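Everything quoted here is computed from the prediction, not taken from an experiment.
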Amino acid sequence: MAQQTKVGMVKQKVKAWIIEGKVLPGEKIYSENELVKMFEVSRHTVRQAVGDLVHEGWLYREQGAGTFVSSKSSQTQVQPVSSKGKNIGVITTYISDYIFPSIIKGIESYLSAHGYSLTLACTDNDPEKEKQCLEAMINRDIDGLIVEPTRSSNYNPNLHYYLEMEQNNTQYLMINQFYPQLNPPNIIVNDEKGGFIATEHLIKLGHKKVVGLFKSDDLQGLNRMQGFIRAFRENDTPFFPEMIITYTTEEKEVTFLQRLKDVLISEQKRPTGIVCYNDEIAIDVLNLLRELEIKVPDDISIVGYDDSYLTEASEIKITSVTHPKMEMGIEAAKWIVAAVENSEKDTREKRQKVYEPELVIRSSTSAVSKMHNSNKHLI
């Protein structure tokens with residue numbers, strides 16, 4: 001069973017306990033060891049599943065006491081709004097995975113405090129599903145819309161829906177990236193800088209052969225790749241074949257990891273450092289390296305991106321580039337409310353907010369000199 005499938009299985013079972021009332025709000029769930037035995041999965045799988053549920057609001061942790069059911073667990077699913085005024089739509093690529101629950105919580109917290117309801121939809125990063133979401137939002141006659149673009153590096157066939165909203169004076173804002181053809185108001189992270197500081201961190205540690213793994217069907221991936229390349233140039237580090245491995249949404253699960261595996265099993269091609277598109281990919285890479293019995297950071301150092309809860313989910317704590325998550329959600333909600341309530345005013349002076357990322361250093365990276373003192377051969 002694939003790692004993500006096992007994680008999903010554990011999550012669904014724990015959610016079922018909560019929904020069915022087998023574990024009540026405030027009650028402690030089974031320990032990590034008990035869950036490992038119960039589901040016959042690895043400790044890493046349990047940690048990732050529990051971490052997901054914590055960040056989705058189903059569970060909470062108390063230091064030294066354990067993990068408990070949240071009193072708000074029954075409210076974590078955003079309810080559809082009524083048809084009566086003050087409705088804001090939110091369309092994201094995903095809802096319950098990765099950093100998205102934190103972004104959505106930020107949006108919801110501000111909207112609810114200002115008397116707005118929330119209609120939530122996700123595209124699964126599929127343009128056809130985005131079309132369906134947009135049609136549903138327009139039919140609901142929403143007051144404003146917050147959108148995370150779908151496959152932002154490709155031409156989007158749904159641009160006319162956004163132009164229709166503009167004609168109808170429906171305010172919309174894009175987060176994480178935006179469609180360049182529209183140049184809408186947007187809140188983003190400086191991903192080029194993020195890719196640069198992740199790569200330069202490894203170069204400054206003495207790594208000369210660093211591979212970058214980047215998603216090619218969104219602008220975040222392309223911008224992070226651009227920063228990756230700039231770090232090589234500015235640090236006079238030679239380029240080499242197979243230094244960049246790209247993948248699309250469809251290739252995430254299998255294809256690109258096989259390409260990385262081909263590089264890792266070759267003594268001539270194997271890098272000493274890997275820069276990952278995000279922390280999810282970093283976890284996949286950790287699992288692959290574990291399978292190949294390659295040690296982190298002794299043999300290979302890894303840097304992730306987004307500084308998500310996954311950085312702490314494994315026994316190897318992942319060095320990662322920050323993402324504002326909940327802060328971005330709150331800022332997006334503030335912008336859309338201001339735009340809706342002041343739609344007659346010119347808001348062009350506030351068209352973009354860019355967050356500057358930082359690097360959080362953990363145990364997944366180390367100086368290359370340490371690696372030279374270790375056994376780098378496959379066991």
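Two residues are said to be in side-chain contact when any heavy atoms from C-beta on lie closer than 4.5 Å; Leu163 and Leu182 meet this criterion. The side-chain heavy atoms of Thr93 and Phe100, taken from C-beta on, include a pair separated by under 4.5 Å.
No donor-acceptor pair under 3.5 Å is formed between the side chain of Thr119 and the backbone N or O of Gly89. Checking side-chain atoms of Ser363 against main-chain N and O of Lys317 turns up a donor-acceptor pair under 3.5 Å. In terms of modelled atom types and a separation under 3.5 Å, the side chain of Ser109 and the main chain of Gly106 share a donor-acceptor contact.
A donor and an acceptor atom, one from each side chain of Thr365 and His201, are located under 3.5 Å apart. For the residue pair Thr150 / Thr123, a side-chain donor-acceptor distance below 3.5 Å is found, with atom types taken as modelled. No side-chain donor from either of Gln220 and Asn176 sits under 3.5 Å from a side-chain acceptor of the other. Between the side chains of Tyr172 and Glu166, at least one donor-acceptor pair of N or O atoms lies under 3.5 Å. When only modelled atom types and interatomic distance are considered, Thr249 and Asp217 share a side-chain donor-acceptor pair under 3.5 Å.
Annotation: cation-pi geometry not satisfied between Lys6 and Phe39 (NZ/CZ under 6.0 angstrom from ring centroid, within 45° of ring axis). Both tests pass for Arg230 against the ring of Phe196: distance under 6.0 Å to the centre and angle within 45° of the axis.
Here Glu312 pairs with Arg362 in a salt bridge; the nearest charged N to carboxylate O distance falls below 4.0 Å.
Contact detail for Ile175 and Ile146: the closest heavy-atom pair is CG2-CG2, 4.0 Å.
Asp279 pairs with exactly one of Asp284, Val321, Val303, Leu310 by the side chain to side chain contact (heavy atoms under 4.5 Å, CB included) rule, that one being Leu310. For the side chain to side chain contact (heavy atoms under 4.5 Å, CB included) test with Glu356, the passing option among Val189, Thr322, Asn190 is Asn190; the others fail.
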Inset, instruction - Could you walk me through whether Lys215 and Glu280 pass salt bridge (charged side-chain N to carboxylate O under 4.0 Å, His left out), step by step? - result: CA-CA 12 Å; Lys215 197 164 183 281; Glu280 282 188 316; over 6 Å; no
